[in-house]
Amino acid sequence: EVQLLESGGGLVQPGGSLRLSCAASGFTFSSYGMSWVRQAPGKGLEWVSAFSDSGSSTYYADSVKGRFTISRDNSKNTLYLQMNSLRAEDTAVYYCAKRYCTGGDCSFFDYWGQGTQVTVSS
Amino acid sequence: DIQMTQSPSTLSASVGDRVTITCRASQSISSWLAWYQQKPGKAPKFLIYKASSLESGVPSRFSGSGSGTEFTLTISSLQPDDFATYYCQQYRSYPLSFGGGTKVEIK
């Protein structure tokens, strides 16, 4: 059974940093691309960042480019999101999500974690 | 970047109704579109990919259609479990993008 378990969220002051983790199990983690998707309170889904299947490419939304860094440790089956220079508008539930397949045109998500809350406030 | 627009933003319907949600892309995305269902406090659930391919285990009352820039999600006979918010997502290119969501509520 595929499981994704996020952690690392919390309350942080504007300008601060947080590192989110997503522990994966039930599939060959190293073979799949992964993404972070967030949802601000009462708002819709916003894609944040992705790691390609091969691990050689990373992608970011303009809203987080230069502030957030996605990484992965295949030996630990874990995806990370380092978030720096946090702003109030980064307040959201952050989900990690597994890409549907390896290779090809399938950058949509068949499994999602339960989410971790990030609150940026003074 | 590709912008995705859903309509309506809210839809009131009764059990048994046929429901249609529209998703429009700002440029052609061929059939590279997925649909998700989300209930309050829960992670999204994957329903449909490649515009019209139903994920295994998803009830057949759900269907998707369209290509290019205009897409629809149809629920043929709304069931109590279907009251939720629905999102489309394009995967034609990065940055990936979601529609703003359509909340299906009880009439």
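Within every chain, numbering begins at 1; the chains are lettered A, B, ... in the order of the sequence lines, protein sequences first and strands thereafter. Heavy-atom basis, side chains included; hydrogens, waters and symmetry copies ignored.
Screening Tyr91(B), Tyr94(B), Phe98(B) for a ring-ring contact (aromatic ring centres under 6.0 Å, His included) with Trp47(A), the sole residue that qualifies is Tyr94(B). Checked against Ser97(B) for a side chain to side chain donor-acceptor pair (under 3.5 Å), the options Gln90(B), Gln3(B), Arg92(B) give a single hit: Gln90(B).
Of residues 106-122 of chain A, those residues lying under 4.5 Å from chain B by any heavy-atom pair are Cys106(A), Ser107(A), Phe108(A), Phe109(A), Asp110(A), Trp112(A), Gly113(A). Interface with chain A: from residues 37-49 of chain B, residues Gln38(B), Lys42(B), Ala43(B), Pro44(B), Phe46(B), Tyr49(B) qualify, criterion being any non-hydrogen pair under 4.5 Å.
In this structure, Lys98(A) is positioned above the aromatic face of Tyr32(A), its NZ or CZ under 6.0 Å from the six-membered ring centre and within 45° of the axis.
For Val37(A), the part sitting under 4.5 Å from any heavy atom of chain B is the side chain, from C-beta outward, and nothing else. For a residue to count as touching a neighbouring chain, one of its non-hydrogen atoms must lie under 4.5 Å from one of that chain's; by this rule Ala50(A) touches chain B with the side chain only.
For the residue pair Ser65(B) and Thr72(B), a side-chain donor N or O sits within less than 3.5 Å of a side-chain acceptor on the partner.
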For residues 13-22 of chain B, please give each side-chain donor-acceptor pair under 3.5 Å, one per line with the distance, not counting sequence neighbours.
from     : atom 1 : to       : atom 2 : distance (Å)
Asp17(B) : OD2    : Ser14(B) : N      : 2.8

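In this structure Ser9(B) satisfies the side-chain contact (heavy atoms from CB on, under 4.5 Å) test with no other residue, sequence neighbours excluded.
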Between Tyr94(A) and Glu6(A), does the side chain to side chain donor-acceptor pair (under 3.5 Å) criterion hold? Intermediate values first, please. CA-CA 8 Å; Tyr94(A) 284 72; Glu6(A) 302 96 336; over 6 Å; no

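Ser49(A) places a side-chain N or O within donor-acceptor distance of the main-chain N or O of Tyr59(A), the cut-off being under 3.5 Å.
Ranked by non-hydrogen atom pairs under 4.5 Å with chain B, the options Ala97(A), Gly44(A), Ala61(A) are led by Gly44(A).
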